[in-house]
Amino acid sequence: MKKSLFLLLLLAGLATFQACNKDDDNTNETEIAATEDIATSEDFAEQTDMDIDQAVEERGGSNDCPAVTTTAPWGTWPNTITIDYGDGCTRPDGRVLKGKIIVVQTDEIRTAGAVRNVSHDNFFVDDVQITGTRTWTNNGTDAAGLFSYSKSADIALLYPDGTSTNWTTVRTSTLVE
């Protein structure tokens, strides 16, 4: 009888342990998926930030695509800059951008206190639609003399299969070199 009770308790314990492992596996899968979503959102945001910098710094660049227009003459602030990829422009990395990025900027981004607000108008990277806004604020220099930028984002990535990822972040970056 004691042997049967011990065996029954042992089996019940193993079943409970296995159930915990399954829950842990689901939690790990959820954490991995969330981490991948964040990494993808950050990648899209950082790459489009580089696209914006290139369009603004090169005043539209030398290519026909994207078409870059401003509401005030270049170098005049505040200014609204529209970067229009139309039906598609292919970046050097092979990704195709479609739609518009609208940048409202108060001053040259290297000027302390300058703010850059970014929004998207029917904007896609490949077949992934990006919606929402991002903001950069130049905080000026810190005590060590290094430039600091506050960055916030509230964007969504809408995938062709109907799924989506939302990303909201606020952080400060310091330009070291």
Side-chain angles (χ1 to χ4, degrees), residues 30-63 65-86 89-126 128-159 164-177:
T30 301
E31 289 172 356
I32 289 169
T35 301
E36 288 173 351
D37 289 345
I38 290 169
T40 301
S41 298
E42 285 181 337
D43 177 51
F44 277 42
E46 293 208 10
Q47 184 58 56
T48 55
D49 280 343
M50 288 192 296
D51 294 331
I52 292 166
D53 284 341
Q54 181 176 5
V56 172
E57 297 302 320
E58 294 181 5
R59 299 197 163 132
S62 57
N63 297 329
C65 197
V68 180
T69 58
T70 61
T71 57
W74 282 107
T76 303
W77 306 106
N79 206 340
T80 300
I81 303 153
T82 301
I83 306 165
D84 188 350
Y85 294 93
C89 298
T90 303
R91 279 197 312 229
D93 66 1
R95 287 190 159 170
V96 177
L97 282 66
K98 296 181 269 188
K100 297 176 185 175
I101 298 175
I102 293 102
V103 180
V104 177
Q105 195 162 304
T106 62
D107 203 342
E108 171 64 43
I109 200 62
R110 294 184 185 118
T111 302
V115 177
R116 175 186 284 176
N117 291 303
V118 177
S119 60
H120 307 89
D121 180 8
N122 204 31
F123 180 71
F124 290 79
V125 175
D126 295 327
V128 179
Q129 184 174 14
I130 300 175
T131 63
T133 59
R134 292 177 290 133
T135 301
W136 276 41
T137 302
N138 183 329
N139 301 323
T141 55
D142 61 15
L146 302 173
F147 278 98
S148 159
Y149 294 89
S150 296
K151 299 177 182 181
S152 65
D154 186 8
I155 64 172
L157 303 180
L158 310 171
Y159 296 96
S164 64
T165 299
N166 295 308
W167 181 54
T168 302
T169 186
V170 176
R171 63 182 169 195
T172 300
S173 299
T174 302
L175 185 60
V176 177
E177 288 185 21

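D107 places no side-chain N or O within donor-acceptor distance of the main-chain N or O of W77, the cut-off being under 3.5 Å.
In this structure, the side-chain hydrogen bond (donor to acceptor under 3.5 Å, both in side chains) partners of Q105, at least two apart in sequence or on a different chain, are R116. Y85 is linked by a side-chain contact (heavy atoms from CB on, under 4.5 Å) to D51, P66, I83, C89, L97, I101, F123, counting only residues two or more places apart in sequence or in another chain. For K151, there are no salt bridge (Lys or Arg N to Asp or Glu O under 4.0 Å) partners two or more places apart in sequence or in a different chain. By the side-chain contact (heavy atoms from CB on, under 4.5 Å) test, K100 pairs with T82, D84, I102, D121, sequence neighbours left out. When the side-chain contact (heavy atoms from CB on, under 4.5 Å) test is applied to A112, the partners found at least two apart in sequence or on another chain are N138. In this structure, T111 has no side-chain hydrogen bond (donor to acceptor under 3.5 Å, both in side chains) partners at least two apart in sequence or on a different chain. In this view, V115 and T106, N117, T135, T137 satisfy the side-chain contact (heavy atoms from CB on, under 4.5 Å) rule, not counting sequence neighbours. With sequence neighbours left out, D154 forms a side-chain hydrogen bond (donor to acceptor under 3.5 Å, both in side chains) with T168. Every residue was checked against the side-chain hydrogen bond (donor to acceptor under 3.5 Å, both in side chains) condition with T141, not counting sequence neighbours, and none meets it.
When every heavy atom of N79 is checked against every heavy atom of P73, the shortest pair comes out as ND2-O, 3.3 Å.
At a threshold of 4.5 Å between non-hydrogen side-chain atoms, the residues Y149 and T172 do not count as touching. The closest side-chain heavy-atom distance from I81 to V68 is below 4.5 Å. Between R134 and H120, the closest side-chain pair of non-hydrogen atoms falls below 4.5 Å. Put simply, the side chain of T165 reaches to within 4.5 Å of the side chain of Y159, judged on heavy atoms. Proximity of T131 to I155: side-chain heavy atoms (C-beta onward) are nowhere separated by under 4.5 Å.
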TODO: Please test I130 against L157 for side chain to side chain contact (heavy atoms under 4.5 Å, CB included), starting from the C-alpha separation and ending with a verdict.
DONE: CA-CA 5 Å; I130 300 175; L157 303 180; 3.6 Å; yes
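Residue F147 holds its CZ atom at 14.5 Å from OG of S173, rounded to the nearest 0.5 Å. Taken to the nearest 0.5 Å, the OG atom of S164 stands 6.0 Å off from the CG atom of L158.
Between the side chains of T174 and D142, no donor N or O sits under 3.5 Å from an acceptor N or O.
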